[in-house]
Amino acid sequence: MLWSQPIGWTSRRHPGTHGGKMRSFLPPVAEQVFRDIQKTYEETTQIPDDLLIALKFVFGPCALQALDLVDQRSVTCLSSPSGREAFQVMGGSGRLYTCFVSCHYCPCPAFAYTVLRRNEGLLCKHILAVYLCQAMGVTQQESVSDQQMSTLLCGSADADA
């Protein structure tokens, strides 16, 4: 199969994911949707209606909200010299969420309630936006120092301290 890598793998368009296989937290059908989006977007720079419908079917109501975040270029990949990565997503409310795709975590209330507590969704719109940006190759990139990354990983609000 041409697109057999899980979305957590680094492709030639997504440097900085430690060059290795990351554990996937998504079911195979979701992985396939992202692979199909990646392939189609590379060829046409568009996501066709059938893949938009599949995205909505697999991820529910957060799919449209995540696509809005992608359109607004709200996703930034922060990478440090030591190779660590975190993603920051500017939510619709203007709040900045630091998401960790490697462990499938977002600090937003929707993730805590819908995904963790109620087990009613695979992920929140912020993490979905990160996956979509990775598949489409449109993630904003920003380098931070190891100290700034440590501050982020410790949960401090300001990575620029």
Side-chain angles (χ1 to χ4, degrees), residues 3-18 21-79 84-142 144 152-153 155 157 159:
W3 297 96
S4 61
Q5 290 182 334
I7 196 72
W9 275 70
T10 300
S11 77
R12 67 186 182 285
R13 297 183 67 189
H14 314 296
T17 313
H18 309 297
K21 185 176 181 181
M22 295 170 70
R23 182 171 172 224
S24 175
F25 292 89
L26 298 174
V29 67
E31 294 281 348
Q32 186 62 50
V33 169
F34 289 126
R35 285 190 297 271
D36 291 346
I37 287 172
Q38 181 179 12
K39 180 181 180 195
T40 304
Y41 196 83
E42 283 178 351
E43 295 169 354
T44 67
T45 67
Q46 295 181 344
I47 301 175
D49 289 346
D50 62 328
L51 286 178
L52 292 173
I53 291 168
L55 197 64
K56 172 85 164 105
F57 179 78
V58 172
F59 295 103
C62 74
L64 184 57
Q65 297 167 326
L67 287 166
D68 284 341
L69 292 174
V70 172
D71 284 344
Q72 296 166 17
R73 300 288 194 246
S74 297
V75 178
T76 302
C77 176
L78 304 177
S79 57
R84 291 184 175 89
E85 282 186 341
F87 293 85
Q88 288 192 323
V89 181
M90 182 64 69
S93 66
R95 180 160 179 215
L96 191 63
Y97 294 100
T98 301
C99 301
F100 300 96
V101 176
S102 60
C103 62
H104 194 76
Y105 176 76
C106 178
C108 76
F111 185 83
Y113 185 73
T114 305
V115 178
L116 298 178
R117 187 167 186 204
R118 304 279 311 261
N119 200 25
E120 291 179 350
L122 294 172
L123 37 74
C124 66
K125 66 183 178 182
H126 308 109
I127 295 177
L128 180 54
V130 169
Y131 280 129
L132 287 168
C133 283
Q134 286 182 310
M136 296 164 65
V138 296
T139 308
Q140 307 294 317
Q141 301 290 325
E142 185 177 328
V144 297
L152 272 175
L153 295 173

Kindly compute the distance separating [atom1] ([X]) from [atom2] ([Y]), expressed to the nearest 0.5 Å.
{"X": "L123", "Y": "C62", "atom1": "CG", "atom2": "SG", "value": "5.5 Å"}
{"X": "T114", "Y": "K125", "atom1": "OG1", "atom2": "NZ", "value": "11.0 Å"}
{"X": "R73", "Y": "C133", "atom1": "CZ", "atom2": "SG", "value": "7.0 Å"}
{"X": "L128", "Y": "F111", "atom1": "CG", "atom2": "CZ", "value": "12.5 Å"}
{"X": "S79", "Y": "R84", "atom1": "OG", "atom2": "CZ", "value": "12.5 Å"}
{"X": "T76", "Y": "L96", "atom1": "OG1", "atom2": "CG", "value": "8.0 Å"}

Are any of the side-chain heavy atoms of [X] and [Y] separated by less than 4.5 Å?
{"X": "S102", "Y": "E85", "answer": "no"}
{"X": "Q88", "Y": "L152", "answer": "yes"}
{"X": "L64", "Y": "K56", "answer": "no"}
{"X": "I47", "Y": "L55", "answer": "no"}
{"X": "L122", "Y": "P27", "answer": "yes"}
{"X": "Y131", "Y": "H104", "answer": "yes"}

Any idea which heavy atoms bring [X] and [Y] closest together, and the distance?
{"X": "I37", "Y": "A135", "result": "CG2-CB, 4.2 Å"}
{"X": "T98", "Y": "A86", "result": "CG2-CB, 4.1 Å"}
{"X": "T40", "Y": "Q46", "result": "CG2-O, 3.7 Å"}

Test side chain to side chain contact (heavy atoms under 4.5 Å, CB included) applied to L52 and L67, step by step = CA-CA 9 Å; L52 292 173; L67 287 166; 3.7 Å; yes
query = Any luck finding a side-chain donor-acceptor pair between Q38 and R35 under 3.5 Å?
reply = no
note = Per side-chain contact (heavy atoms from CB on, under 4.5 Å), F34 is matched among L26, V58, L51 by L26
key: Verdict with reasoning, F57 to V33, per side chain to side chain contact (heavy atoms under 4.5 Å, CB included)   = CA-CA 10 Å; F57 179 78; V33 169; over 6 Å; no
